[in-house]
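Comments concern the structure below.
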Number of protein chains: 2
Amino acid sequence: MVARYERIADELREEILSGAHPVGTQLPSEAELAARFGAARGTVRQAVAVLAAEGLVGSRQGARRIVLGNAPSQSFAELHSFAQWARANGYRYEGRVIEQRRRPATAAEAARLGSGEVLDVLRVRSLEGEPVLVERTAYAAWVAGEVERLPPDCESVTQALYDAIGLVFAYGEHLIDAVPAGAQDARLLGVRRGSPLLRQRRVTTTHEGRPVESSDDRYRAGSVTFSIRNSIGANPLVRQAGDLRFRP
Amino acid sequence: MVARYERIADELREEILSGAHPVGTQLPSEAELAARFGAARGTVRQAVAVLAAEGLVGSRQGARRIVLGNAPSQSFAELHSFAQWARANGYRYEGRVIEQRRRPATAAEAARLGSGEVLDVLRVRSLEGEPVLVERTAYAAWVAGEVERLPPDCESVTQALYDAIGLVFAYGEHLIDAVPAGAQDARLLGVRRGSPLLRQRRVTTTHEGRPVESSDDRYRAGSVTFSIRNSIGANPLVRQAGDLRFRP
DNA sequence: TAGGTGGACTTGTCCAAACAAGCGAGCACC
DNA sequence: GGTGCTCGCTTGTTTGGACAAGTCCACCTA
């Protein structure tokens, strides 16, 4: 059973993406939409709030809503899971485990994952036959057993863990920066040592706030970009000073 | 006049950041909060929705809300404006215009900015006395005059434009990736050519959806990272395939 | 013509109520 | 001891109404 406001949001989104409401034009008023969909104004507001969160429409008190964009946005699953993202976009992709072992958690990992031992996995993922991503993931002890049971060429760890134990990745914190390729990165990705990589460090937790994994993903420059749409009202992307100290 | 739900959100946020609700614990139920603040449940829901959007709390139907984090998040202004971000975080910062000229817009810029001519500005910004950012911005013609009037060492263009003509940057779209430093980048930032830079390309618009600027910002590796918290419900960060074609 | 003003329209905020849907603890039963 | 089930609690969805606050246009006036 899909909520009413979601169906309304879907229909409006479809209209925007199809060009029925071109960028820069006004959306019908909430009252008009409520009449059209036979719903209360509050329900319509929830629907347009969804579109606003996606960056498709903007709003100001007193003025009609304006269409800001017409590019589809992606779901959390597609951000979290390389495989789900690649599949949703029609890319050919693969994954391969290079190395896998249990080891004691570092102090930082213990704090992030709440786990004294971690399962360390080094994976390489390919898009269209080319290696684009080196993924170094530390899994918390409570999922380590399930992860070890997966085949080395498992396409989607996220999917496999959901199928096996109903595990859902629900929240994530991501740090994005650029780093030079180390010797191992360079070898695995087929680039020169020191060449630029886009790094995404993340910690993911379940619905209950239980940490699952901590990962350091490095993308070959040019293979992948991150895209954020935000507005003055609410935005989750923030800038932080780097770890490096500035030269004295 | 601050909205009630915002005051409630502020109070709850304060409690979370101060440790009154440690990470991993449950928040009081909506009914309890409503009683405590003397507000309707709907108002309390708006307040916790704000916290959820900031990634501080999670929620599941049927179960109590859980505290997910205790790190403060930043505002849109701090993402958009280097100066506002630096000031809010207590850093010493500077900005300097290296080059500035009007030129015809490229086809892509014309499409993004809706402007046949643009004002091209090359700026270098420093943090704690060290150059960390090279900013190449194309301003739409309708703000070019105001920008040209600013002093070359203007600290905050965002602030100056607001003071001068009441211009508010309200929406932004950002593309983040990693690139090697070009010759000019290397010279301006004091790094080796080819060393990794974190690139943020963005297009910003006003409340009315009118494009203001299109910019290519390159940060020295290690100086700045971007941080995103997201959840399965709503997330604005998406991954995109890069511009580069994969090798044949 | 330029400028101000009023009022209709639109979005933002808040309330009160009702039901649906999911979670979790305690209980009975095997 | 473990398994399954019921029931109370909590969050999710929806409605309808009311007022506040801001925008925008048409009209009036100097």
Side-chain angles (χ1 to χ4, degrees), chain A residues 1-12 21 24-53 56-68 166-168 170-171 206-210 231-234, chain B residues 1-12 21 24-53 56-68 166-168 170-171 206-210 231-234:
Chain A
M1 179 52 186
V2 182
R4 185 98 107 100
Y5 76 89
E6 284 192 61
R7 288 203 307 271
I8 295 175
D10 289 344
E11 196 162 332
L12 289 175
H21 302 294
T25 61
Q26 295 182 334
L27 227 50
S29 75
E30 293 175 0
E32 285 168 15
L33 291 174
R36 167 178 157 194
F37 291 106
R41 189 179 150 223
T43 307
V44 170
R45 280 182 66 79
Q46 283 190 76
V48 292
V50 171
L51 302 182
L56 289 178
V57 305
S59 67
R60 296 142 71 202
Q61 183 173 152
R64 284 211 178 174
R65 274 172 226 276
I66 289 182
V67 179
L68 293 171
L167 176 61
V168 175
Y171 306 106
T206 64
H207 268 307
E208 298 90 2
R210 192 175 188 192
S231 74
I232 201 167
Chain B
M1 179 54 186
V2 181
R4 186 98 107 100
Y5 76 89
E6 283 193 62
R7 288 203 306 271
I8 296 175
D10 289 342
E11 196 162 331
L12 290 175
H21 302 294
T25 61
Q26 294 181 333
L27 226 50
S29 75
E30 293 175 1
E32 284 167 15
L33 292 174
R36 167 179 156 194
F37 291 106
R41 192 180 148 222
T43 307
V44 170
R45 279 181 68 78
Q46 274 182 285
V48 293
V50 171
L51 302 182
L56 289 178
V57 305
S59 67
R60 277 184 305 159
Q61 182 173 147
R64 285 213 176 172
R65 274 173 226 275
I66 289 181
V67 178
L68 292 171
L167 175 62
V168 175
Y171 307 107
T206 65
H207 269 307
E208 297 89 5
R210 190 175 190 190
S231 73
I232 202 168

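On a predicted model such as this, the values are computed, not experimentally measured, just so you know. To find a chain, count down the sequence lines: A is the first, B the second, and so on, and within it residues start at 1.
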Would you say the side-chain atoms of A:R36 pair up with the backbone N or O of A:A31, donor to acceptor, closer than 3.5 Å? no
Are the side chain of B:R7 and the backbone of B:V2 linked by a donor-acceptor contact shorter than 3.5 Å? yes
Just N and O in the side chain of [X]: are any of them under 4.0 Å from OP1 or OP2 of [N]?
| X | N | result |
| --- | --- | --- |
| A:T43 | D:dT13 | no |
| B:R60 | D:dT11 | no |
| B:S29 | D:dC9 | no |

Non-hydrogen atoms of B:T206 and B:A170 that approach each other most closely: C-CB, 3.8 Å
Per [X] side chain, nearest of listed nucleotides [options]:
| X | options | value |
| --- | --- | --- |
| A:E30 | C:dG12, D:dT10, C:dT13 | C:dG12 |
| A:R45 | C:dC14, D:dT10, C:dG12 | C:dG12 |
| B:Q46 | C:dC14, C:dC15, D:dG12 | C:dC14 |
| B:S59 | C:dC15, D:dG12, D:dT10 | D:dG12 |

In terms of side-chain geometry, is the basic nitrogen of B:R64 or B:E30 positioned less than 4.0 Å from the acidic oxygen of its partner? no
Check if the side chain of A:R41 and the base of D:dG17 share a donor-acceptor pair of N or O atoms closer than 3.5 Å. no
On a plain distance test, is the side chain of B:R4 in donor-acceptor contact with the base of C:dG12 below 3.5 Å? no
To the nearest angstrom, the NE2-C1' distance between A:H207 and C:dA21 comes to 14 Å
Could you check A:A40 against A:G62 and say which one's nearest nucleotide on DNA chain D is further toward the 5' end? A:A40
